[in-house]
There are 2 protein chains.
Amino acid sequence: MATLADVARRAGVSPATASRIINGSPKPVTDALRERVLAAVEELQYVPNAHAQQLARNHRSAVGVIVHDVSDPYFAEITRGLQRVATEHGRLVIICNTYRDPDRELEYVELLRANQAAAIILAGSGYHDEQFTHTLDAKLRVYQATGGHVAVIGRHEHTGHAVIPANEAGGHLVGAELFGLGHTRVGVVAGPRHLTTTTDRLAGLRRAAREHGQKFGARQIVYADFERAGGAAATAALLDAQPQLTAIAALNDSMAIGALALLRERGIDVPGQISVVGFDDMPIAADVMPALTTIRLPLADMGARAMTLALQPPEPLNTPQIEHVEAVLVRRGSSGPPPSGA
Amino acid sequence: MATLADVARRAGVSPATASRIINGSPKPVTDALRERVLAAVEELQYVPNAHAQQLARNHRSAVGVIVHDVSDPYFAEITRGLQRVATEHGRLVIICNTYRDPDRELEYVELLRANQAAAIILAGSGYHDEQFTHTLDAKLRVYQATGGHVAVIGRHEHTGHAVIPANEAGGHLVGAELFGLGHTRVGVVAGPRHLTTTTDRLAGLRRAAREHGQKFGARQIVYADFERAGGAAATAALLDAQPQLTAIAALNDSMAIGALALLRERGIDVPGQISVVGFDDMPIAADVMPALTTIRLPLADMGARAMTLALQPPEPLNTPQIEHVEAVLVRRGSSGPPPSGA
DNA sequence: GCACGCCCGGTAAGCGCTTTCCCGATTACG
DNA sequence: CGTAATCGGGAAAGCGCTTACCGGGCGTGC
């Protein structure tokens, strides 16, 4: 691996000069030298060692993003938004997948700290786990204390900037729609109960139920993984426990798609016999069979906003900013009134 | 930011000892000292500076992955596989999105080289661009010359290990299926013509056509972006040029989904009036409306294999390994025989 | 009881780069 | 023409860590 010293030697200059030329330092340098150095760089295929640079310059530049799983379209969209603004600012982003393992989340903030990340962005639901939340918060505070910026998406329990989707209101929208259509037997395909996203959305659903003089019994809610397979499994369980269901509210689109798949497999017509509503409006929601009625969250935009917050200069008053983002209902083919007999 | 020196001072030992304890060096250390150091680490919330470590140790550990776009399910799946094996090996992976910009691809290999990546994995189609291919290859060779490992997925034009999907054979499978069903007017929704994936798949399609005594005219192939929107646009163009089409072969699933959307919008029944076949078998292919007949590629597995190749110890004979991966046809609801009148 | 070796810990030399400080040579100015 | 200001370039001090290498205190064997 060619080093700066090699380049300097070959060009017959000092490393200092070579460095200045390569990095376009403000210090003026003669054109003759510049050319020699540039030529040497080319010949040697020299690329500066980023670690050495980082160490010598001693200021952070990369930004870290911790998500549950980028291959999940929900996070993929958020990440897309994040990346866009990061690129605009010339920042490298390091993506870390926790696969929903809280411990891994902790490890990654250390890793990002170790890598001198300028900011850490935490995307995705928080956990109902006092101990964990406390530990994570402590780590984040230490990071902030040393000048790191932190922004979270979809969590409210931490220090730092936050972009918060209207999970409760969205859940309420779903409930209002379904009960408004006349459904009285609504099942919920929920995500893991230790995720705050699950409980927030559920809370909205419950509020809507109350407003319509209804309530969710224990058997009407099934918890499973926030994924396609989880949605299918939960739907199966729901159907077994409550055969007379006329509507299913899935707490995210992946689960809704799993629900749709299971329903199709069992020959149950959607929305003829059972309506299905999702949450998030992932890009494919419009293309599944039938097209999914869901709650739209501006995913990419949320990512972009979080990155913008995280990148902005040390805020004047040191006050973390909170941005709330709205949820809207998108009606598509998967929902309708309950079957007339029901 | 606390440094190793701070920790050492606080524990009353030399930095050397602190380093040895923190990194679990083979050198034996008394328990008393060990505890003091560990306590100091805890109190100071010390995290070693990864850049300094990398510089001092002087051996590569992270691995870089260059993809067109992780938020595209195709790459998301590949990445998932990659990550899995990287994690098993305790490697950090740096994901780089080129958004299909060749220049960005070049920049990223430099960046990865600068960051002392132990390996670079290039996923996604190559480009039909002599100049570019040559430049990239040169850069990769330089990287290899300094001990870097290289693996590519879905390209054949470069040095290094390779995992190559059967694009041509898959295209042939699509053609055989469609012509076998009796279609005679088949349109192709193709990706960008400068991508090798496009031409490879197309070649298979053409071979199948020849075998059935047919051929693709210029107006039967429309090139667009390898994305949903591109698929919709290309389908619209195709329909305008060739209203009597009975089948559409899309060169990837995203485009197929776009085609499906457009067809639905125009009230054209699939597969009653027009059959649609995709390529890749992304996870959602089974859930769209109607479920997509497509060519299955073991995406996650391909990623895993590439990572395995990239991580294996400097090969005995220094010979790059090539792994071919098979394509199989998955019949679902979107394809069938042409309408009887046609 | 003394030499030898073994342990455990510290000292210091880098890793590859940036940047401050300094110095000799121009140039500008009085 | 002397001096000061200016300009281009180099020497060297780190950035935070790892890891030879070294050295003092033991325990052993004779």
Side-chain angles (χ1 to χ4, degrees), chain A residues 1-38 40-41 44-62 110-118 146-147, chain B residues 1-38 40-41 44-62 110-118 146-147:
Chain A
M1 206 68 175
T3 74
L4 182 64
D6 296 333
V7 172
R9 203 171 312 124
R10 181 166 189 121
V13 301
S14 74
T17 305
S19 170
R20 291 197 265 257
I21 291 173
I22 292 170
N23 297 296
S25 113
K27 188 130 186 173
V29 176
T30 334
D31 282 351
L33 289 196
R34 177 183 315 282
E35 273 170 36
R36 291 209 326 256
V37 169
L38 261 20
V41 165
L44 266 43
Q45 286 288 325
Y46 169 73
V47 174
N49 182 321
H51 298 289
Q53 281 189 314
Q54 146 67 38
L55 193 57
R57 292 207 244 257
N58 202 20
H59 64 234
R60 295 90 175 276
S61 114
E110 303 258 287
L111 182 138
L112 258 12
R113 196 145 86 80
N115 280 277
Q116 313 298 110
T146 58
Chain B
M1 207 67 176
T3 73
L4 182 64
D6 296 334
V7 172
R9 204 171 309 123
R10 181 167 188 119
V13 301
S14 74
T17 306
S19 170
R20 291 197 263 257
I21 292 173
I22 292 170
N23 297 296
S25 114
K27 189 134 185 170
V29 177
T30 337
D31 283 351
L33 289 194
R34 177 181 315 280
E35 274 169 36
R36 293 216 315 263
V37 168
L38 261 20
V41 165
L44 266 41
Q45 285 288 328
Y46 169 73
V47 174
N49 182 320
H51 298 290
Q53 281 189 315
Q54 146 67 37
L55 193 57
R57 289 207 246 258
N58 202 20
H59 64 234
R60 294 87 175 277
S61 114
E110 302 258 288
L111 182 138
L112 258 12
R113 196 146 87 81
N115 280 277
Q116 312 298 108
T146 58

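Lettering of chains follows the sequences in order, A, B, ..., and the numbering in each one begins at 1. Side chains are part of it too, since the values below use all heavy atoms of this structure and drop only hydrogens, waters and symmetry mates.
What separates NE2 of B/His51 from P of C/dT18 is a distance of 14 Å, to the nearest Å. Counting to the nearest Å, the P atom of C/dT18 and the CZ atom of A/Arg20 are 11 Å from each other. Taking atom CG on B/Asn115 and atom C1' on C/dC17, their separation rounds to 14 Å, with Å as the unit.
Using modelled atom types, one side-chain atom of A/Asp6 and one backbone atom of A/Thr3 make a donor-acceptor pair closer than 3.5 Å. Looking at B/Asn115, its side chain never comes within 3.5 Å of a backbone N or O of B/Ala117 through a donor-acceptor pair. Remark: the backbone N or O of A/Ala32 is not paired with any side-chain donor or acceptor of A/Thr30 at under 3.5 angstrom.
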Interface polar pairs with nucleotides 6-8 of chain C, N/O, under 3.5 angstrom:
| unit_1 | atom_1 | unit_2 | atom_2 | d |
| --- | --- | --- | --- | --- |
| C/dC8 | O3' | B/Thr30 | OG1 | 3.2 |

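With a 4.5 Å cut-off on side-chain heavy atoms, A/Arg60 and B/Met1 count as touching. With a 4.5 Å cut-off on side-chain heavy atoms, A/Gln45 and B/Thr146 do not count as touching.
Rounded to the nearest 0.5 Å, atoms CG (A/Leu38) and CD1 (A/Ile22) are 7.5 Å apart. Expressed to the nearest 0.5 Å, how far CZ of A/Arg10 lies from OH of A/Tyr46 amounts to 15.0 Å.
Among residues two or more places apart in sequence or in another chain, the salt bridge (charged side-chain N to carboxylate O under 4.0 Å, His left out) test is passed with A/Glu110 by A/Lys139.
Interface limits on DNA chain D: the 5'-most and 3'-most nucleotides within less than 4.0 Å of chain B heavy atoms are D/dG16 to D/dC21.
Nearer to the 5' terminus of DNA chain C, by closest-nucleotide assignment, is the contact made by B/Ala16 (compared with the other of A/His59 and B/Ala16). Residues B/Asn58 and B/Ala18 each lie close to DNA chain C; by heavy-atom proximity, the contact nearer the 5' end of the strand is made by B/Ala18.
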